[in-house]
*Asks:* 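Next up is a structure, given as structure tokens.
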Amino acid sequence: MITDEIQKELFSKQDTAYRDFQAKLIPNLADGTMIGVRTPELRKLAKQYAKREDISVFLDALPHAYFDENQLHAFIICERRDFAQCMAELTRFLPFLDNWATCDQLSPKLFKKHRQELLPYIDEWLASEQTYVVRFGIGMLMEHFLDEDFDLRYPEAVAGIRSDEYYVNMMIAWYFATALAKQYQAVLPFLEQNRLDSWAHNKTIQKAVESLRITQEQKAYLKTLKRV
């Protein structure tokens, strides 16, 4: 079975020191669920396995037992060149996301050419009750809709999200800090009008102040907007 073959391959590339380091960065994963394969190795494997005719057996074998299998799965989806196939595989996989790292590294290359087709899916992801599905949706808006395709309805959608989940709120702050760097005048009112909850508001300002893409004058003004 290809699933057994993949597990064997992953363990053959295990780096225990890297595993222990990575485990500290993703504390919500259960003990024993991380093998410790470095990301460049996983990306190489994804390119190879994405071409296999029997890879669907692995992609359908959800949930995976190991973090590294989820990473490989994500990178295989990123290799897809057909939008319909990519979205079918992504839709199947997203509910099983269980950590910020896999969520944030899951970024299919072909989305750049299919932005408008992507928008209805993003609306669904933002409305999800699953932490990492929402985070993924915000991440896609941040990656693909803060430049030439920017529209105020996108930050409106993100500002409307309310969650008790740290990894959702951190992504909201990351989104707005990035939006300030790219669309400062358009996005600034969201802070001036207190459109975010207090934690996301202040974290946005913190991340924006740390950014090299925001001017010192802008940073000074943003600091005056911090909420107590």
Side-chain angles (χ1 to χ4, degrees), residues 21-29 39 71 74 94 97-108 111-112 115-116 118-228:
F21 166 76
Q22 211 173 26
K24 295 177 182 178
L25 300 178
I26 315 173
N28 66 298
L29 293 181
T39 299
Q71 289 283 88
L94 281 180
L97 285 179
D98 62 359
N99 70 90
W100 66 264
T102 306
C103 178
D104 295 358
Q105 290 179 298
L106 177 54
S107 181
F111 281 0
K112 293 179 181 179
R115 291 190 183 98
Q116 294 308 308
L118 186 61
L119 285 170
Y121 292 96
I122 290 178
D123 289 340
E124 293 180 14
W125 299 332
L126 296 183
S128 173
E129 296 182 356
Q130 294 177 283
T131 297
Y132 297 103
V133 176
V134 178
R135 183 180 173 100
F136 180 74
I138 299 171
M140 291 300 98
L141 281 179
M142 182 173 69
E143 183 172 352
H144 297 293
F145 296 94
L146 283 180
D147 296 301
E148 65 270 17
D149 289 332
F150 176 76
D151 189 290
L152 270 177
R153 71 179 186 270
Y154 306 141
E156 288 279 358
V158 177
I161 297 171
R162 289 294 180 270
S163 175
D164 295 327
E165 295 290 342
Y166 170 83
Y167 289 106
V168 171
N169 289 321
M170 181 58 83
M171 182 57 85
I172 292 172
W174 187 7
Y175 171 86
F176 275 99
T178 305
L180 285 168
K182 293 189 171 188
Q183 303 285 347
Y184 183 81
Q185 293 299 332
V187 173
L188 183 62
F190 286 87
L191 296 178
E192 293 176 322
Q193 298 168 13
N194 294 323
R195 298 285 302 282
L196 309 180
D197 72 25
S198 294
W199 190 92
H201 176 101
N202 288 337
K203 183 60 71 171
T204 295
I205 293 172
Q206 176 190 327
K207 293 176 77 65
V209 168
E210 294 170 352
S211 173
L212 298 176
R213 297 182 290 176
I214 294 178
T215 69
Q216 292 302 316
E217 182 180 5
Q218 290 169 341
K219 291 178 182 180
Y221 179 61
L222 288 171
K223 289 179 182 178
T224 70
L225 301 177
K226 187 174 181 180
R227 283 150 65 178
V228 178

*Asks:* Is the Tyr167 ring parallel, tilted or perpendicular to the Tyr132 ring (thresholds 30°, 60°)?
*Replies:* tilted
*Asks:* Checking side-chain contact (heavy atoms from CB on, under 4.5 Å) against Trp125, which of Ile138, Leu94, Val134 comes through?
*Replies:* Leu94
*Asks:* Could I get the full list of ring pair (Phe, Tyr, Trp, His ring centres under 6.0 Å) partners for Tyr121, not counting sequence neighbours?
*Replies:* none
*Asks:* Ring pair (Phe, Tyr, Trp, His ring centres under 6.0 Å): which pairs involve residues 174-197, sequence neighbours left out?
*Replies:* Phe176-Phe190
*Asks:* Less than 4.0 Å between a side-chain N and a carboxylate O, is that true for Arg195 and Glu156?
*Replies:* yes
*Asks:* Which residues pass the side-chain contact (heavy atoms from CB on, under 4.5 Å) test with Thr215, not counting sequence neighbours?
*Replies:* Glu217, Gln218
*Asks:* List for me each residue that meets side-chain contact (heavy atoms from CB on, under 4.5 Å) alongside Leu212, sequence neighbours excluded, and say none if there are none.
*Replies:* none
*Asks:* Can you list everything that forms a side-chain contact (heavy atoms from CB on, under 4.5 Å) with Glu129? Sequence neighbours excluded, please.
*Replies:* none
*Asks:* Would you please name every residue forming a salt bridge (charged side-chain N to carboxylate O under 4.0 Å, His left out) with Asp151, sequence neighbours left out?
*Replies:* Arg153
*Asks:* Which heavy atom of Thr102 sits nearest a heavy atom of Ala74, and at what distance?
*Replies:* CG2-CB, 3.9 Å
*Asks:* Is the shortest side-chain heavy-atom distance between Lys207 and Leu180 below 4.5 Å?
*Replies:* no
*Asks:* Write down the atom of Leu222, the atom of Ala208, and the distance for their closest heavy-atom approach.
*Replies:* CD1-CB, 3.8 Å
